[in-house]
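Below, read A as the first sequence line, B as the second, and so on, with proteins coming before strands; counting in each chain starts at 1.
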There are 2 protein chains.
Amino acid sequence: METPKRRRSNTRARLLEGALEVFAERGFHGASVEDICERAGFTRGAFYSNFASKDELVLALFQATTDRLLEQIEALLPELANQPGTLLDAVLGLLDEAAPDQRQWHLISTEFTLHALRDPEAAQALNTQRAMFRDSLTKLVEQITETSGLTLSVPAEQFVRLVIAVHEGARSQSLLEPRKLPPGELEHTFLPMVLEAVSRPSR
Amino acid sequence: METPKRRRSNTRARLLEGALEVFAERGFHGASVEDICERAGFTRGAFYSNFASKDELVLALFQATTDRLLEQIEALLPELANQPGTLLDAVLGLLDEAAPDQRQWHLISTEFTLHALRDPEAAQALNTQRAMFRDSLTKLVEQITETSGLTLSVPAEQFVRLVIAVHEGARSQSLLEPRKLPPGELEHTFLPMVLEAVSRPSR
DNA sequence: TGTATTCAATACAGAACTGTATCCTACTCG
DNA sequence: CGAGTAGGATACAGTTCTGTATTGAATACA
């Protein structure tokens, strides 16, 4: 039961997984195809049997992580929207739990971002991914503000953009100074401040 | 009058400048030593006569840009502190005018950050630079809040960290979507909101 | 059971890059 | 004006990486 096309997609998955790790450690350009294969437990033969080039792998990897992320979010959304807690909890919950390994995720997504800033095609792909992510978060925010009687002083999407900016900026700082800034601390300090700034109980 | 050691430091400078451009275009790993030399109008002979390796160049480049940045800030500070305008104006002024070419600066500093996240030594260097930058900004904020009768609801340094996070996060977003988000627009939207969140007239 | 097919390993050719060693040129200075 | 030197170009050797072509093994199928 583990043989026909299953095998292929399995090695593909392992290659993608290996690529994720190696890219996080050395960056796109810094990681050779052989590094990736070695990490995945294959040789280059397997690689070129599954991907035409490293660029194609990068693209596939982006698609895969994107799909997985959106999937996780879909799963998380109803839970966060309906369950107890405040807007803050929900937003933090989505931002935090969407990325299992903070550090690796940040490295990879920064790498993608950098890549996108230099390549319009990649920018396009990344932007639609980010737009979907923003939409999810926006919907969540709208739902919760409605049910909890809050009013935002700016449009929800603008608010979400701000939240994302703060989150990413804070994460960058805390990863750079892990001793002084425990992971998540900055975010959890900043976001309440921001939230308080733009939301007030609707009368 | 342009000959003894002047020549050397001149080609060094040109190499650094070329490196800055090429790194911005292709990233550290993506840029070969030869690319850099070509950009600067030299061959590899000149390079290895001035630097031991690409790593050393990166370090020197970081130092050079760091020095230049701090120098500019020193020059800007008194002007911003004493002249008219609000806290917001001053902060925005410092953040905006410190980086002449937004895009290139962002690419390079992101690249540095990524590098630092993987190399503790680089992290050390980057962190002391960022600490100095934060200190400047913190002093500026403290001065202005005093003279303008504002009180921050959090320590000034914490406030500055938040401002930097917002600034970097916003810049990243606007560079990714230049059509939808004109440069600086997001920052200029977000920062007032943040500022309002944590500052109030001291009674 | 034997044949065909699929997937990955191995072997190989070519390109790119790095770093060194040598050479050339243009100043400097006696 | 001539010897010495510094800075940079050129040539070269070694390494690493990519991509292709061939081979081998395991499975599907007749």
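- Closest heavy-atom contact between B:Val91 and B:Val163: CG1-CG1, 3.7 Å.
- Atom C1' of nucleotide D:dG7 and atom CZ of B:Phe51 are separated by 14 Å, given to the nearest angstrom.
- Of the listed residues (B:Glu34, B:Glu25, B:Glu17), just one forms a salt bridge (Lys or Arg N to Asp or Glu O under 4.0 Å) with B:Arg39, and that residue is B:Glu25.
- Distances from the side chain of A:Thr43 to the nucleotides C:dC7, D:dG8, C:dA9 place C:dA9 closest.
- Taking 4.0 angstrom as the limit, B:Asn10 places none of its side-chain polar atoms (N or O) nearer than this to OP1 or OP2 of D:dG7.
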Margin query: Determine whether B:Glu74 and B:Arg68 satisfy the following criterion, salt bridge (Lys or Arg N to Asp or Glu O under 4.0 Å), listing intermediate values before the conclusion.
Written below: CA-CA 10 Å; B:Glu74 289 303 309; B:Arg68 200 154 53 86; over 6 Å; no
Notebook entry, point to check: Tell me, for nucleotides 16-24 of chain C in 5' to 3' order, what letter each nucleotide earns: B for a base near a protein heavy atom under 4.0 Å, S for only sugar-phosphate near one, - for neither?
Noted result: -SBBB----
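- In this structure, A:Arg12 places its CZ atom 17 Å from P of C:dT6, rounding to the nearest Å.
- At C:dC7, none of the side-chain N or O atoms of A:Thr11 fall inside 4.0 Å of OP1 or OP2 (strictly under the cut-off).
- When only modelled atom types and interatomic distance are considered, A:Gln129 and A:Thr66 share a side-chain donor-acceptor pair under 3.5 Å.
- Between C:dA8 and A:Asn50, a contact under 4.0 Å exists linking OP1 or OP2 to a side-chain N or O.
- Using modelled atom types and a 3.5 Å distance limit, the side chains of B:Thr86 and B:Asp89 yield a donor-acceptor pair.
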Note to self: Pair B:Phe112, B:Phe62 - check side chain to side chain contact (heavy atoms under 4.5 Å, CB included), show working.
What the structure shows: CA-CA 8 Å; B:Phe112 270 128; B:Phe62 177 72; 3.3 Å; yes
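- For the pair A:Asp55 CG and D:dC17 C1', the interatomic distance rounds to 14 Å; values are reported in whole Å.
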